[in-house]
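Before any comments, here is the structure.
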Amino acid sequence: MTNVEISKVLEEIGTMLELKGENPFKVRAYERAARELETQNESVEDLVADGRLEELPGIGKALVEKITELVTTGRLKYYEDLRATIPEGLFEMLHIPGFGPKKVNAVFSKMGISSLEELEGAAKEGRLSSLEGFGKKTEAKVLEGLESMKQRVGLRRLGEVLPVAEEIVAALARCAAVNRVCYAGSLRRMKEVVKDIDILASSDEPETVMDLFVGLPVVSQVVAKGSTKSSVLLNLGIACDLRVVPEESFAAAMQYFTGSKDHNVHLRGLAKDLGYKVNEYGVFRGEERIPCATEEEIYELLGLQYIPPEMREDTGEIHLAAAGTIPRLIEATDLVGMLHCHTRWSDGRNSVEELARAVQERGYQYLAICDHSQSSYIANGLTVERLQQQWKEIDDVNRNFRGFHILKGIESDIRSDGSLDYPEEILEQLDLVVGSVHQSLNMPAEQMTSRLVTALSNPHLHILGHPTMRLLLEREPSAFDMEAVIEAAALYGKILELNANYYRLDLNWLHCKLAKSRGVKMAINTDAHDLEGLDHIRYGIGTARRGWLTKEDVVNCLGLDDLRALVGR
DNA sequence: GCCGTTTTCGGCCCGACTGTTTTCAGTCG
């Protein structure tokens, strides 16, 4: 059993105890233990075998017993008994904004409501507001929350889906009957959320390929199986289609199934004017097939430059391609610096040194450590004193590196009045200041706009972090005047973040385009809290490419000296 | 639940906001 699996069980016990209205400190004990095991470098199984589990902070007698039972038998009676008393619907209710364990517990124990459907019924009939502590506003918020949850059904974040799609493609590619194979659709265009996976393969033996596909371990249910198209449901909870085409149709099919629909409509119109017909089977002049082995050849035939998939949204890319002015979009290898990462000093999982090694191994030249500032109490934000201790550690670690440098940064809270979270004499000693909003996310739009503009006008701020504060499929962006914020960034020469965490992707691709058009520079930041988080940079790159960004638009493509010059430090 | 004792029970992590109250509970970060 992996540490993460064990940790998940403890985490869930914590949630269930919370739903049952147990002592909050007991709940926290389980949550703390879950975090401890998750971030533990050593295998918990080994610790159990060696009898060293109790040495871990936050793990006492009761938890040792439970964890031991779990890793030795693979089961935990306490967990299973608890689980049996809590309907699944209660967990789902926790995802309604403003609905926490107490409210869920109240509707369950006092009204017997145990599913989202029952909750919706009660809210619509106005019965919910009769409950003590519930009013009309709560009732309306529940309905609103349920509605937005319905819209999210069947959608998954890019970062959840892409690795699975790659796994499927890799499995198919190993099959001798497969000629070419690739994922297409919105996933290939790197959309931030997708509703399904489209995979395309070419083969002379489609049945063999289909048999392999429907039998993959990631498949939970076969919806349809034929020789040209099969549809399955994945364990991930979304659909996946595989289309198998003859080799000569592969390029046209890739172009067709990558979309977007608007892009293809525009393209087909253009083709028609030139006397061609483009469809999923190929490019034709009358009945005659024009051989095209690659997408590049198709675009060339139509008098166009190749258009990268991320740009295919019919927002002007076809005109650029016709004029031969498609920009060279940013690529992962253009980035030389990693900005905005967290360490154990606040709520990250790794030490300064571990993080720096990992960043260097990934080919970067510098790293800015930007832990949370003092107001972020929950995230273990740094007091001035602890910040200065961290500087000392960074100085020490820097001595162990050649050709790589760690910058002293901070992710400073932007307080409600737009001010930063440290006195000036501290801010001016930092190499890089990222300012982010973490509290009061729902203030009126005008107030939020002036809060952000005030922050941007602060000479000590360099980068505005995750500007909209959205969490994909979870939390809507904060309301404010984005144009005004971008104008302020332009006016004060400040950098906007493109946060690459796949829950955020904030700014989004349209905002990136807007920022670029105003001459505002961007920083693509992982906001990594662990080593795996460093690899999420690819989602930021995808979003940047959707926003037509080039390496000239992105400050962490600059060498260290140029970056320092840009931020004046 | 854990922890640290002033050894066997009391404290444990804060602050803002919202909606429900009429002085506070629940949620969220």
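Per chain, numbering begins at 1; letters A, B, ... match sequence-line order.
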Atom pairs under 3.5 Å, N or O on each side, protein against nucleotides 12-18 of chain B: can you list them with distances?
from: B:dC17; atom 1: OP1; to: A:S440; atom 2: OG; distance (Å): 3.4

task = Determine yes or no for a side-chain-to-main-chain donor-acceptor pair under 3.5 angstrom, with A:S7 supplying the side chain and A:A34 the backbone.
result = yes
task = Rounded off to whole Å, could you give me the CD1-to-P distance for the A:I67 and B:dG1 pair?
result = 12 Å
message = With nearest nucleotide decided by heavy atoms, which residue, A:L17 or A:S375, maps closer to the 5′ end of DNA chain B?
response = A:L17
Atom pairs under 3.5 Å: protein N/O with N/O of nucleotides 2-4 of chain B:
from: B:dC2; atom 1: OP1; to: A:G60; atom 2: N; distance (Å): 2.7
from: B:dC2; atom 1: OP1; to: A:G60; atom 2: O; distance (Å): 3.1
from: B:dC2; atom 1: OP1; to: A:K61; atom 2: N; distance (Å): 3.4
from: B:dC2; atom 1: OP1; to: A:L63; atom 2: N; distance (Å): 3.3
from: B:dC3; atom 1: OP1; to: A:G58; atom 2: N; distance (Å): 2.9

request  = Find the distance A:I414:CD1 to B:dG29:P and express it as a whole number of Å.
outcome  = 17 Å
Side chains of A:N3 and A:E38, donor plus acceptor under 3.5 Å = no
ask   = P atom, B:dT21 versus B:dG26: distance in rounded Å?
value = 13 Å
query = Of the non-hydrogen atoms in A:H438 and A:D413, which two are nearest, and what is the gap between them?
reply = ND1-OD1, 2.8 Å
ask   = Is A:P97 touching bases, backbone alone, or none of the nucleic acid, heavy atoms closer than 4.0 Å?
value = sugar-phosphate
task = Grab the CE-P distance between A:M469 and B:dG29 for me, whole Å please.
result = 8 Å
message = Counting C-beta onward and ignoring hydrogens, is there a side-chain heavy-atom pair between A:I524 and A:I537 closer than 4.5 Å?
response = yes
message = So that I know where these two stand, are A:Y502 and A:H536 an aromatic pair - ring centroids less than 6.0 Å apart?
response = yes
message = Once you apply a heavy-atom cut-off of 4.0 Å, does A:R415 come out as touching a base, just sugar-phosphate, or nothing?
response = nothing
ask   = For atom C1', what is the distance between B:dT8 and B:dC2, given to the nearest Å?
value = 14 Å
inquiry  = In whole Å, I'd like the distance from the CG atom of A:L19 to the P atom of B:dT27.
reply    = 10 Å
task = Hey, can you tell me if A:H372 and A:H342 have their rings parallel, tilted or perpendicular (30° and 60° cut-offs)?
result = parallel
request  = Please measure how far the P atom in B:dT20 lies from the corresponding atom in B:dC14, and state the result in whole Å.
outcome  = 27 Å
note = Partner of A:I486 under side-chain contact (heavy atoms from CB on, under 4.5 Å), picked from A:D481, A:L464, A:L514, is A:L514
query = With side chains defined as the heavy atoms from C-beta onward, is the minimum distance between A:Y503 and A:L473 less than 4.5 Å?
reply = no
request  = Write down the distance separating the C1' atoms in B:dG10 and B:dG15, rounded off to the nearest Å.
outcome  = 24 Å
key: Spacing of the P atoms in B:dC12 and B:dG19 (rounded, Å)   = 30 Å
message = Using whole Å, what does the distance between atom C1' of nucleotide B:dA25 and atom CD of A:E18 come to?
response = 14 Å
request  = Look through every strand shown and name the nucleotide pairing with B:dG11 as Watson-Crick or G-U wobble, where both distances are under 3.5 Å.
outcome  = B:dC2
message = Check this for me, if you would: do A:D553 and A:K516 make a salt bridge, where the nitrogen-to-carboxylate-oxygen distance has to be below 4.0 angstrom?
response = yes
task = Identify the heavy atoms of A:P87 and A:T85 that sit nearest to each other, and give their distance.
result = CD-O, 3.7 Å
Separation of the P atoms in B:dG29 and B:dT23, to the nearest angstrom = 29 Å
ask   = Just how far, in rounded Å, is P of B:dG1 from CG of A:L82?
value = 10 Å
key: Among B:dT20, B:dG1, B:dG26, the nucleotide that comes nearest once only the side chain of A:K103 is considered   = B:dG26
query = Taking CG from A:L441 and C1' from B:dC28, how many angstroms apart are they, rounded to a whole number?
reply = 9 Å
query = To the nearest angstrom, how far is A:L131 atom CG from B:dG19 atom C1'?
reply = 14 Å
key: Separation of the C1' atoms in B:dC13 and B:dG1, to the nearest angstrom   = 16 Å
query = Is the shortest heavy-atom distance from the side chain of A:M482 to the side chain of A:L507 under 4.5 Å?
reply = yes
request  = Please figure out whether A:E132 or A:F99 has its closest DNA chain B nucleotide nearer the 5' end.
outcome  = A:E132
